[in-house]
Structures are given as C-alpha cells and as structure tokens.
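Structure first, commentary second.
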Amino acid sequence: SARRQRKVAAHENGDGDDGGDAVRDFSALHQAYRHLTVEGGAGHQRNPKHVVQLMLPAPEGFELQQRRAEEQEQQLQGEEEGDLQSFKARLLAVIADFGDKGFPASLLRRRYSQVWRGSDFPAPADFGITRKSVGLLEMLRLVAGDAVRIETFPDGRQPLIYA
C-alpha cells in the first residue's frame, strides 16, 4: 500500500520517528554550533603548566647596566643611525641581557639584527677602518673598547663580551 511505502521511505531517509536519537543529535549539533560561534571555540579546560607565567630573576647588576644603556640611548636620540655613540649604546643594550655571564661573541651579529630590526651590524668601514682583515673582536676593541670588555680564552672556548 502507498501508506506503508511512505512509512518505509521516511524511515530509510531518516525522516521517520527515531525517538530520542534525533533530539540528541540535534542537541549535540546545536551545542557544537554555539560553542564555535557564541563562545569563540574556547574550551573550559586548562593545563596549569601552560597558564603559569614563570619569570627568571634578573642577574645581579642588570638594573645598573640597563640604566646605563638607556641613558646612553637617550643621549643619542637626535643623532644619526650610523653614529659611533649610537652603535655603542645599541651594543650595550644587546649584551646587557647576559649580565655577568658575558655575551658569546659568535652570536653578536645575529642578536644585534634581532634586537634592532632593520639595522644590520655595521662593518669596520662604517667606522673608518680601512684594513680589510679586521675581525669582529678587533673591530669591537677599536671602536667600542671603552664601552665593552672582551675576554678570550687560551683553551679555544669562544670569546665573551661584557658590558
């Protein structure tokens, strides 16, 4: 009969009376939609390891070094980018993070570029040094010897730079 065919077709297409399954499915779909649209998709569970903000204490003397670097930077605000004093102030700002441990010389060029975005580490020629074979440490001693101290080691460890 036609009535039985409609009932079988409705059941096969999912339009039939499924009882509570349809209500549960719709409720789950509605909750998911509300979670994404109204609540912004943010859950309520939290991992405490990812929420706690940990901070390391500043090394001893860091505030003094930071203050010196800030004072020098303030004095140089009106001067040109390639100026010697500006370079010294920027150099101190880069290496001051390492405090008494010293800054590894091999990381200086990369760290300088990271801290001072858009500014490349200057070449010796930028300071009037015309010799071609001037290394990084020699350039620092010539240009910023009054602002930084360089420690080298006879056993081949990498040199450290101190503010």
So, Arg157 versus Thr152: side-chain donor-acceptor pair below 3.5 Å or not?
-> no
Rounded distance (nearest 0.5 Å) linking atom NE2 of His30 with atom CG of Asp25 | 14.5 Å
Are Phe127 and Leu84 side-chain neighbours, meaning at least one heavy-atom pair lies under 4.5 Å?
-> yes
Heavy-atom check, side chain of Met139 versus side chain of Ile129, under 4.5 Å = yes
Is atom CZ of Phe153 surrounded by more than 12 heavy atoms (other residues, nucleotides or ligands) closer than 6.0 Å?
-> yes
Considering only NZ, NE, NH1 and NH2 on the basic side and carboxylate oxygens on the acidic side, decide whether Lys88 and Asp146 come within less than 4.0 Å.
-> yes
All heavy atoms of Ala147 vs all of Leu92, minimum pair found to be O-CD2, 3.4 Å
Could you tell me whether the side chain of Tyr162 reaches within less than 4.5 Å of the side chain of Val148, counting heavy atoms only?
-> no
Measure across Leu137 and Pro159 and return the closest heavy-atom pair with its distance rounded to 0.1 Å.
-> CD1-CG, 3.4 Å
Can you find a pair of side-chain heavy atoms, one from Val143 and one from Leu91, that are under 4.5 Å apart?
-> no
Main-chain N/O of Val23 paired to Ser27 side chain as donor or acceptor, under 3.5 Å | no
When clusters are formed by joining ILVMFWY residues with side-chain heavy atoms under 4.5 Å apart, either directly or through shared neighbours, do Ile150 and Phe103 land in the same one?
-> yes
Minimal non-hydrogen separation, Ser119 against Arg90, with atom names | OG-NH1, 3.0 Å
Co-membership, hydrophobic cluster, residues Val115 and Leu160, 4.5 Å side-chain = no
is_close_aromatic(Phe87, Phe121), centroid dist under 6.0 Å = yes
Do Trp116 and Ser86 come within less than 4.5 Å of each other through their side chains, counting heavy atoms only?
-> no
What distance separates Ile161 CD1 from Arg149 CZ, expressed to the nearest 0.5 Å?
-> 11.0 Å
